[in-house]
Q: 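Please read through the structure below; I'll follow up with questions.
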Amino acid sequence: MGVGSEIRPTEEVSSESRPTLGVDSEIRATLGGDPRGVGPFFQSQRLEIYREHFERLLEMGRAYPTFESAEELDAMRTAARERKETFRYRRPDDYDHAAATARMKTEEHVLRFHMTSEPVRVVDEVLGEIEFTDQHFDDFIIRKRNGFPTYHFAVVVDDELMGVTHVLRGQEHLNNTPRHVGLQKALGFATPTYAHLPLIFNPTGSKMSKRDKDKAARAACKEAGLKASPITSIADREFKGWLKDKKSQLHTEQLVELAAHLSLELPEIDVDDFRRSGYLPEVVCNFVALLGWNPGMKNDDGTDVEKFDMDFLGEHFDFSRIGKGPSKFDRAKLLSFSRDALAAMSDGEFESCWRAWCERYDPSILERLGDSFALAARAAKLRARTLKDAANAVRFALVEDDAYAFDARAVKKVLLKNDGEGLNVLDGFREKLGAIEPFEPDAIESAVRAFCDSREIGMGTLAQPLRVAVTGSTVSPGLGETLALLGRERTIARIERCLAVEHKVSGG
RNA sequence: GGCCCCAUCGUCUAGCUCGGUCCAGGACGCCAGGUUCUCAUCCUGGAAACGGGGGUUCGAAUCCCCCUGGGGUCACCA
């Protein structure tokens with residue numbers, strides 16, 4: 001969801017960027033820097049800026065070089081674990097700064113920040129005051145062997161230079177805060193206001209992560225026993241590497257294609273995933289805001305205020321009402337919010353939203369519906385939980401007239417029962433079809449009603465056989481809408497096909 | 001394991017700051033009815049929670065302590 005992430009000016013920003021509530025596009029638009037002089041936004045281009053601050057820290061003795069290899073550090077960690085101790089890198093008591101800085105001129109090294117043992121008090125807007133006392137601070141790395149700053153160093157410098165006053169991030173960053181504060185103090189920077197937001201979990205209880213999509217896809221691939229890449233957009237070699245490395249990620253486009261190939265529903269994680277799944281952006285915003293925050297207001301009918309827009313959020317949002325505990329992402333409730341929002345739209349609004357979604361994600365729907373799209377939108381609106389889901393309501397109209405199957409139970413119950421009463425009624429009504437004018441929902445329903453009245457039968461006695469005849473199932477939108485959507489020709493064709501096919505069944 | 005954070009129905013939460021109006025309210029989901037040509041919608045009703053134990057108090061969901069539970073974090077990732 002991007003909530004736990006920070007948008008950092010890293011080397012990887014362009015490939016790994018996540019559109020987070022529209023912020024990303026702005027940042028990308030100014031990658032080279034902006035009029036305030038805060039850019040450039042590529043770490044490689046900022047190295048000179050960082051270098052200056054590394055120097056300062058080095059001079060005041062708060063930064064120092066260390067020369068252990070990654071393997072040596074690993075060994076030290078393992079040894080510490082065996083002694084049941086937490087591994088902490090601390091500057092040796094006999095550390096000789098002059099010697100070390102001389103040595104760093106010729107040897108590969110990393111730079112570490114020397115944390116003092118002075119307690120760090122963090123004032124967090126949602127958690128309150130937290131004191132990180134113990135001497136458990138370690139001297140963390142601020143510059144890697146390759147000369148690039150680590151995240152901890154980069155955030156602190158970048159935030160200062162960008163004039164960042166408020167840092168909102170996931171609670172997973174809470175333990176990093178004393179490091180950042182320590183760095184800020186050493187560098188003489190101001191400490192921004194911190195607000196650590198509660199984490200969001202999957203219904204299973206695991207942390208919601210952008211890697212979840214890869215995880216799901218990987219599991220499906222293994223399930224299917226796939227050894228080689230099934231699609232051209234993923235090179236075989238890349239595919240195999242991805243299968244093996246649990247931390248690797250494919251591009252969204254590749255994942256989407258792979259999921260389609262496996263008929264797998266990818267979990268929605270990024271804002272874009274939700275859009276693809278047919279959720280309105282404003283609904284997602286509303287829902288996510290409600291995870292961990294609550295306006296604490298009542299509606300006139302005594303229910304809680306839960307549905308609101310960005311304006312409301314802008315006016316009422318405040319840190320003090322943010323929950324402290326993590327929350328699980330409840331798909332069912334999101335779906336409910338989504339359905340309500342779609343249903344609350346005018347027919348016209350829904351039609352254009354759905355059309356836009358189809359254009360972007362499934363143009364074939366547009367082609368198949370053609371001029372009937374508006375009618376289909378009307379039929380689908382009340383039945384759609386998401387824009388993606390909308391097509392299901394009118395699925396019957398998307399297939400060829402002889403390509404849908406008749407549900408066996410429906411046929412038995414609706415058409416064949418009572419010596420084929422359904423088929424007889426259907427046959428009787430078929431003749432009336434030519435006379436309905438215009439062939440639109442209201443007129444069609446009137447005709448159905450009139451026919452039933454004249455025969456003194458209930459609406460259902462005709463409606464259900466008709467529905468099964470033209471859709472193959474007992475479920476569809478209102479009868480008028482269903483028939484109108486197909487049009488007169490197709491309706492008649494479908495009824496005739498049904499009568500022909502079922503004749504054999506009932507005869508046998 | 002060390003450190004840090006958290007703890008009300010299955011889920012999201014209101015209530016906790018200023019203890020009594022809370023035998024705990026709402027929403028989603030679930031169950032049972034009703035309306036309707038099916039589905040969906042809509043309406044009515046229902047089951048469902050203050051993790052446990054100690055305090056403080058006339059009185060605790062609300063304050064304090066302990067336990068338990070959940071989570072986060074311990075990288076030359078961000």
Side-chain angles (χ1 to χ4, degrees), chain A residues 4-8 10 12 16 66 68-70 73-74 77 81 84-88 109-112 122 124 126-128 130-134 136-138 140-146 148 150-152 154-155 170-178 196 198-199 201 203 205 207 247 287 290-299 301-307 320 323-337 339-340 343 379-385 393 410 414 445 448-449 452 458-468 471 473-480 482:
Chain A
S5 312
E6 292 182 73
I7 296 175
R8 297 253 55 82
T10 66
E12 300 76 28
E16 217 201 349
T66 62
E68 292 87 356
S69 66
L73 284 172
D74 270 348
R77 273 192 205 96
R81 184 146 8 107
K84 298 196 172 180
E85 285 172 17
T86 304
F87 174 71
R88 258 172 260 118
H109 62 277
V110 298
L111 236 39
R112 286 181 184 269
V122 173
D124 185 274
V126 350
L127 265 11
I130 303 158
E131 193 173 52
F132 294 86
T133 43
D134 56 73
H136 299 176
F137 301 141
D138 68 339
F140 56 96
I141 294 173
I142 54 179
R143 191 174 74 188
K144 307 182 221 178
R145 196 165 290 256
N146 66 9
F148 276 71
T150 58
Y151 162 75
H152 300 300
V155 229
Q171 244 171 52
E172 64 203 74
H173 285 284
L174 188 60
N175 290 311
N176 291 328
T177 313
H196 287 94
L199 265 21
F201 292 102
K207 189 171 78 166
K247 286 189 175 173
F287 185 73
L290 215 45
L291 283 179
W293 181 79
N294 188 292
M297 298 160 91
K298 299 280 184 194
N299 293 306
D301 63 0
T303 57
D304 292 355
V305 173
E306 288 193 318
K307 307 261 179 85
S320 69
K324 300 178 186 198
S327 50
K328 286 177 187 160
F329 196 92
D330 183 358
R331 287 293 154 87
K333 188 156 176 169
L334 204 219
L335 240 18
S336 165
F337 271 43
R339 192 227 306 117
D340 290 351
K381 195 182 86 166
L382 261 184
R383 276 163 265 263
R385 298 191 302 173
V414 175
E445 283 191 28
V448 170
R449 201 170 298 277
C452 293
M459 276 278 278
T461 311
L462 170 59
Q464 284 305 74
L466 255 180
R467 202 178 321 265
V468 171
T471 72
S473 89
T474 54
V475 176
S476 87
L479 204 55
T482 299

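Values below: every heavy atom of this structure, side chains too, minus hydrogens, waters and symmetry copies. Residue numbering restarts at 1 for every chain, and letters A, B, ... go by the order of the sequence lines.
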Q: Give A:Thr303 one of three labels, base, sugar-phosphate or nothing, depending on what nucleic acid heavy atoms sit under 4.0 Å from its own.
A: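 Sugar-phosphate, no base atom in range.
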Q: Counting side-chain heavy atoms from CB outward, which of B:G72, B:C5, B:U38 is closest to A:Glu172?
A: B:G72
Q: Is the base of B:G26 touched by the side chain of A:Asn299 through a donor-acceptor pair closer than 3.5 angstrom?
A: no
Q: Using the side-chain heavy atoms of A:Leu291, tell me which of these nucleotides is nearest: B:A14, B:C12, B:A40.
A: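 From the listed options, B:C12 comes nearest.
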Q: Could you tell me the Watson-Crick or G-U partner of B:G33, where both distances fall under 3.5 Å? Say none if there is no partner.
A: B:C43
Q: Please pick, from B:U11, B:U73, B:A78, the nucleotide with the shortest atom-to-atom distance to any side-chain atom of A:Asp330.
A: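 Nearest to the side chain of A:Asp330 among the choices is B:U11.
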Q: Can you measure A:Phe132 atom CZ to B:C74 atom P for me and round it to whole angstrom units?
A: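 About 13 Å, once rounded to whole Å.
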Q: NA contact type, A:Leu334, heavy-atom cut-off 4.0 Å: base, sugar-phosphate, or nothing?
A: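 Contact class for A:Leu334: none.
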Q: Would you classify A:Glu306 as touching base, sugar-phosphate or nothing, given that sugar-phosphate means primed atoms plus P, OP1 and OP2, and contacts are heavy atoms under 4.0 Å?
A: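 Base contact.
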Q: Determine the Euclidean distance between corresponding C1' atoms of B:G26 and B:G15; express it in Å to zero decimal places.
A: 11 Å
Q: Closest approach to the side chain of A:His152, judged atom by atom: which nucleotide of B:A78, B:C76, B:G72 is it?
A: B:A78
Q: Using the P atom as the point on both nucleotides, what is the distance between B:G2 and B:A61, in whole Å?
A: 33 Å
Q: Pairing check on B:G2: which nucleotide meets the Watson-Crick or G-U wobble criteria with it, both distances under 3.5 Å?
A: B:U73
Q: Measure from the side-chain heavy atoms of A:Ala70 and tell me the nearest of B:A27, B:U11, B:C76.
A: B:C76
Q: Using a 4.0 Å heavy-atom cut-off across all strands, classify A:Arg77 as base, sugar-phosphate, or nothing.
A: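 Sugar-phosphate only.
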Q: How far, in whole Å, is B:C22 from B:U62 if one measures between their C1' atoms?
A: 11 Å
Q: Would you classify A:Glu85 as touching base, sugar-phosphate or nothing, given that sugar-phosphate means primed atoms plus P, OP1 and OP2, and contacts are heavy atoms under 4.0 Å?
A: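 Contact class for A:Glu85: none.
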Q: When you measure from the side chain of A:Thr150 to the backbone of A:Ile141, do you find a donor-acceptor pair of N or O atoms at a distance under 3.5 Å?
A: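 Yes; judged by distance alone, with no hydrogens or angles, the pair exists.
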Q: Between A:Phe329 (CZ) and B:U13 (C1'), how many Å, whole number?
A: 16 Å
Q: I'd like to know whether CZ of A:Arg383 has more than 12 heavy-atom contacts from other residues, nucleotides or ligands below 6.0 angstrom.
A: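 More than 12 within 6.0 Å, yes.
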Q: Now, which nucleotide makes the Watson-Crick or G-U wobble pair with B:A7, with each of the two distances under 3.5 Å?
A: B:U68
Q: Take atom C1' in B:U68 and the same atom in B:G52, then report the distance between them in whole Å.
A: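 Roughly 7 Å separates the two C1' atoms.
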Q: Check every atom of B:A27, B:G29, B:C5 against the side chain of A:Ser336 and return the nucleotide holding the closest atom.
A: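 When the side chain of A:Ser336 is considered, B:G29 is the closest of B:A27, B:G29, B:C5.
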Q: Would one find a side-chain N or O of A:Lys144 under 4.0 angstrom from OP1 or OP2 of B:C77?
A: yes
Q: Give one of base, sugar-phosphate or nothing for A:Gly292, where a contact means two heavy atoms less than 4.0 Å apart.
A: sugar-phosphate
Q: Is A:Arg145 near enough to B:A75 that one of its side-chain N or O atoms lies under 4.0 angstrom from OP1 or OP2?
A: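 So the side chain of A:Arg145 is outside the cut-off, no N or O lying under 4.0 Å from OP1 or OP2 of B:A75.
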Q: Write down the distance between CG (A:Leu382) and P (B:U36), rounded to a whole number of angstrom.
A: 18 Å
Q: For B:G1, does OP1 or OP2 lie under 4.0 Å from any side-chain N or O of A:Arg81?
A: no
Q: Output the single nucleotide from B:C5, B:G26, B:U38 whose closest atom is nearest the side chain of A:Thr474.
A: B:U38
Q: Identify which one of A:Thr303, A:Val305, A:Asp304 satisfies the side chain to side chain contact (heavy atoms under 4.5 Å, CB included) criterion when paired with A:Lys298.
A: A:Asp304
Q: Could you tell me whether A:Thr471 contacts a base, only the sugar-phosphate backbone, or nothing, with contacts defined as non-hydrogen atoms closer than 4.0 Å?
A: nothing
Q: Tell me whether the OP1 or OP2 atom of B:U41 has a side-chain N or O from A:Arg339 closer than 4.0 Å.
A: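 For A:Arg339, the contact criterion (side-chain N or O under 4.0 Å from OP1 or OP2 of B:U41) is met.
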Q: Measure CZ/A:Phe337 against C1'/B:G26 and give the value in whole Å, please.
A: 11 Å
Q: Check whether A:Gln171 reaches the backbone of A:Gly325 with its side chain - one donor and one acceptor, N or O, closer than 3.5 Å.
A: no
Q: Expressed as a whole number of angstroms, how long is the span from A:Asp340:CG to B:A27:P?
A: 12 Å
Q: What's the closest nucleotide to the A:Lys298 side chain, out of B:C37, B:C4, B:A14?
A: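 Comparing B:C37, B:C4, B:A14 against the side chain of A:Lys298, the answer is B:A14.
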Q: For residues A:Phe337 and A:Glu306, report the shortest heavy-atom separation together with the two atoms involved.
A: CE2-O, 3.9 Å
Q: I want to verify a distance call: between B:U11, B:U38, B:C12, whose nearest atom is closest to the A:Arg383 side chain?
A: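 Selected nucleotide: B:U38.
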Q: Rounded to the nearest 0.5 Å, what separates atom OG1 in A:Thr66 from atom CZ in A:Arg145?
A: 8.0 Å
Q: With sugar-phosphate meaning primed atoms plus P, OP1 and OP2, does A:Asn176 contact a base, only sugar-phosphate, or nothing at under 4.0 Å between heavy atoms?
A: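 Counting heavy atoms under 4.0 Å across all strands, the contact made by A:Asn176 includes a base.
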Q: Can you tell me the distance, in whole Å, between the CG atom of A:Leu199 and the C1' atom of B:G71?
A: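 So the CG-C1' distance, A:Leu199 to B:G71, works out to 8 Å.
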Q: Reckon A:Ser476 touches a base, only the sugar-phosphate, or nothing at all at heavy-atom distances under 4.0 Å?
A: base
Q: Closest nucleotide of RNA chain B for A:Arg449 versus for A:Phe87: which of these residues is on the 5' side?
A: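 Checking each residue's closest nucleotide, the 5'-ward one belongs to A:Arg449.
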Q: For A:Thr482 and A:Ser476, which I'm curious about, is there any donor-acceptor pair between the side chains at under 3.5 Å?
A: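 Short answer, yes.
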Q: With heavy atoms under 4.0 Å as the rule, sort A:Glu68 into base, sugar-phosphate or nothing.
A: base
Q: Answer with base, sugar-phosphate or nothing: what part of the nucleic acid does A:Phe201 contact at a heavy-atom distance below 4.0 Å?
A: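 A:Phe201: backbone/sugar contact only, no base atoms under 4.0 Å.
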Q: Rounding to a whole Å, what distance do you find between A:Ile141:CD1 and B:A75:P?
A: 10 Å
Q: Could you give the distance from CZ (A:Arg449) to CG (A:Leu462), rounded to the nearest 0.5 Å?
A: 11.0 Å
Q: Would you say the side-chain atoms of A:Arg467 pair up with the backbone N or O of A:Pro477, donor to acceptor, closer than 3.5 Å?
A: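 Such a contact is found between A:Arg467 side chain and A:Pro477 backbone.
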Q: Please report the distance separating the P of B:G46 from the corresponding atom of B:A24, rounded so that it comes out in whole Å.
A: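 Roughly 13 Å separates the two P atoms.
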Q: Figure out the CH2/C1' separation between A:Trp293 and B:A14, and round it to whole Å.
A: 13 Å
Q: Who is the Watson-Crick or G-U wobble partner of B:C18, with both distances under 3.5 Å?
A: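 Result: none.
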Q: Kindly point out which of B:A78, B:U13, B:C5 is positioned nearest to the side chain of A:Ser327?
A: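 Nearest nucleotide to the side chain: B:U13.
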Q: Can you tell me, in whole Å, how much space there is between the P of B:G29 and that of B:U21?
A: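 That atom pair is separated by 31 Å.
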